[in-house]
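Structure, as structure tokens:
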Amino acid sequence: MTSAKSGDSTTPLFDRDVSLASLTSWHVGGKADFLAQPKTVDELRAALSWFNSRSIPLTILGGGTNVLVSDRGVRGAVIALGKMSGVAVEERAKRLHVTCLAGTPKSELLRVFLKYRLEPALFLAGLPGDIGGGVAMNAGVGEMIKPREFNEITDWIDVFRMGAPGEGTIHLDHIQAEDLRWGYRHSEGWQPGVIVRVGLSWPLEPVDDVLVRVKHANQARLSKQPLDQPNCGSVFVNPPGHKAGKLIQDCGLKGFSLGGAQVSEKHANFIVNSGGATADAIDSVIKHVQRTVLEKTGIELHTEVIYLGDW
Ligand SMILES: Cc1cc2nc3c(=O)[nH]c(=O)nc-3n(C[C@H](O)[C@H](O)[C@H](O)COP(=O)(O)OP(=O)(O)OC[C@H]3O[C@@H](n4cnc5c(N)ncnc54)[C@H](O)[C@@H]3O)c2cc1C
């Protein structure tokens, strides 16, 4: 562990040559040259400034539930935000306002909306990962419920922007949600940067059966998704007019397996680590699925999962 000065206290800043596998939901991936896991915004700022002043490239990890980290690892520094967690709640102007640090688990936000019996609890039910990752990916569900994606509940974000490599300068930008561009499983307008804090709100209009519906949503996930094996959720985005899972299933790929990476028998858009898989094995299964679906249907599948590191 190496330390750097942050304010008056000496703050642990990073570790070297750390495996990232335990920080990803697939449990695969090589080492980061540097790994920082800040617990506070000040620690994050200190880490970003330290790496930026030395021109060390940065990679951001939230809950690690939507990334495939290379077996050859990540050059430069990985900043994992999972320990930078905290929620503040305020009732104002007939709305519930929630401010979350980026590393707050989505399950914490779900608990807040459930306590107030508000509808955002429904799409958050069973969504893994952190709030920052939820905004970066515009995470959500396909069902026709409202709200169903992060863009519908997000008011603003705070983003750290770094100076040019070598400068070590960091400044905080406050960006309104309407100034971002939100799409299907991505958001734009904050890059390059690190989402630090997210402000969300929803009308204070309680719905009586919200708890029952959240329980049903969780049961549906349990019955349809291979949650007992390491996975990354849906690997491919749905092509316009199609469901990726259905296309993969119809091509006879359920159960297809290479080196411990397997197209789930339960949900064809999931690839599970059935034991001892490497990132390369998962990537080979991804490529095989893409090739086969293209050959058989003429439809190109694009990954929702983000590749990180040396590919
Ligand atoms: C079992 C399972 C079910 C899932 N179901 C769904 C679902 O129904 N709907 C859905 O949308 N997704 C689903 N996912 C995918 C995943 O949970 C979401 O995309 C989630 O929002 C990713 O959040 P994360 O914190 O894990 O991000 P990560 O996987 O850590 O990161 C994803 C991307 O966001 C970037 N990022 C993360 N945090 C920040 C930050 N603070 N600042 C800047 N960049 C950042 C990373 O660099 C990376 O590019 C599922 C995953 C699993 C394992």
Side-chain angles (χ1 to χ4, degrees), residues 14 20 23-25 32 35-52 57-67 69 74 76-89 97-110 112-113 120 123-124 127-140 147 149-163 169-202 233 304-308:
F14 57 75
L20 297 170
L23 296 176
T24 74
S25 60
L35 173 68
Q37 296 184 274
K39 294 193 188 73
T40 65
V41 174
D42 281 346
E43 286 183 15
L44 172 61
R45 182 194 287 270
L48 292 174
S49 169
W50 199 91
F51 292 122
N52 177 259
L58 290 170
T59 298
I60 306 301
L61 203 57
T65 64
N66 209 39
V67 291
V69 175
V74 182
V78 170
I79 312 246
L81 295 172
K83 294 187 175 169
M84 199 181 76
S85 170
V87 178
V89 177
H97 293 263
V98 189
T99 303
C100 297
L101 288 176
T104 307
K106 293 185 188 74
S107 54
E108 282 289 311
L109 184 61
L110 165 68
V112 171
F113 283 120
F123 92 93
L124 290 167
L127 262 189
D130 299 345
I131 302 299
V135 170
M137 298 301 304
N138 193 18
E149 289 178 332
F150 261 78
N151 66 308
E152 294 168 86
I153 60 169
T154 303
D155 290 340
W156 53 265
I157 59 175
D158 280 343
V159 177
F160 271 147
R161 308 240 195 220
M162 285 69 77
T169 53
I170 309 294
H171 73 269
L172 190 69
D173 263 3
H174 184 76
I175 309 176
Q176 295 300 324
E178 60 263 29
D179 295 327
L180 298 172
R181 292 179 299 286
W182 300 87
Y184 169 45
R185 301 298 166 261
H186 71 277
S187 64
E188 277 172 41
W190 54 269
Q191 301 94 335
V194 183
I195 300 167
V196 177
R197 229 180 256 107
V198 180
L200 315 110
S201 74
W202 193 254
E304 173 180 323
V305 161
I306 312 268
Y307 281 61
L308 296 183

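As a basis for the values below, the full set of heavy atoms in this structure was taken, side chains included, without hydrogen atoms, waters or symmetry mates.
Between M84 and D130, the closest side-chain pair of non-hydrogen atoms is not below 4.5 Å. For the pair V78/V69, no side-chain contact is recorded, criterion being any heavy-atom separation below 4.5 Å from C-beta on. For the pair L308 and L61, the minimum side-chain heavy-atom distance is below 4.5 Å.
Annotation: salt bridge (charged side-chain N to carboxylate O under 4.0 Å, His left out) contacts involving residues 171-180, sequence neighbours excluded, comprise R161-D173. Judged as a side chain to side chain donor-acceptor pair (under 3.5 Å), the pairs with a partner in residues 191-200 (not counting sequence neighbours) are, in order, D158-R197.
In this structure, F160 has no ring pair (Phe, Tyr, Trp, His ring centres under 6.0 Å) partners at least two apart in sequence or on a different chain. Taking the ring pair (Phe, Tyr, Trp, His ring centres under 6.0 Å) definition, one finds that H174 meets it with W156, sequence neighbours left out. Annotation: side-chain contact (heavy atoms from CB on, under 4.5 Å) contacts of S201 (sequence neighbours excluded): R95, H97, D155. Scanning for side chain to side chain donor-acceptor pair (under 3.5 Å) contacts around T169 gives E167, with sequence neighbours left out. Take H186 and apply the side-chain contact (heavy atoms from CB on, under 4.5 Å) test, not counting sequence neighbours, and it matches E188. Residues that satisfy the side chain to side chain donor-acceptor pair (under 3.5 Å) test with E152, not counting sequence neighbours, are K146. Partners of I60 by side-chain contact (heavy atoms from CB on, under 4.5 Å), not counting sequence neighbours, listed by chain and number: I79, L81, V194. In this structure, the side-chain contact (heavy atoms from CB on, under 4.5 Å) partners of T154, at least two apart in sequence or on a different chain, are V135, F150, I157, A177, W182, V198, L200. Not a single salt bridge (Lys or Arg N to Asp or Glu O under 4.0 Å) links E304 to another residue, sequence neighbours left out. Listed by chain and number, the residues in a ring pair (Phe, Tyr, Trp, His ring centres under 6.0 Å) with Y307 are W311 (sequence neighbours excluded).
Put simply, the side chain of N138 never gets that close to the backbone of S187: no donor and acceptor are under 3.5 Å apart. A donor-acceptor pair under 3.5 Å links the side-chain atoms of T104 to the main chain of L101, judged by distance alone. K83 places no side-chain N or O within 3.5 Å of a backbone atom of P38 that could act as its donor or acceptor partner.
Minimum interatomic distance between V159 and G193 (heavy atoms only, all atoms of both residues): CG1-CA, 3.9 Å. Of all non-hydrogen atoms in G140 and F123, the two that sit nearest each other are CA-CD1, 4.0 Å. Summarising the geometry of G189 relative to I175, their closest heavy-atom pair is O-CD1, 3.9 Å, with the distance given to 0.1 Å. Residues P105 and I131 come closest through the heavy atom pair O-CD1, 4.2 Å.
For the atom pair CD1 of I195 and CH2 of W190, the computed distance is 4.5 Å after rounding to the nearest 0.5 Å. Remark: N66 CG to M137 CE distance equals 4.0 Å, nearest 0.5 Å. Here the straight-line distance linking atom CZ of F14 with atom CH2 of W50 works out to 3.5 Å at 0.5 Å rounding. Remark: E108 CD to C100 SG distance equals 8.5 Å, nearest 0.5 Å. The distance from atom CZ of F51 to atom OG1 of T59, rounded to the nearest 0.5 Å, is 11.0 Å. Distance check, rounded to the nearest 0.5 Å: NZ of K106 to CZ of F113 gives 13.5 Å.
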Practice prompt. Any chance you could lay out the side chain to side chain contact (heavy atoms under 4.5 Å, CB included) test for V87 and L109, step after step, and finish with the verdict?
Written response: CA-CA 8 Å; V87 178; L109 184 61; 5.7 Å; no
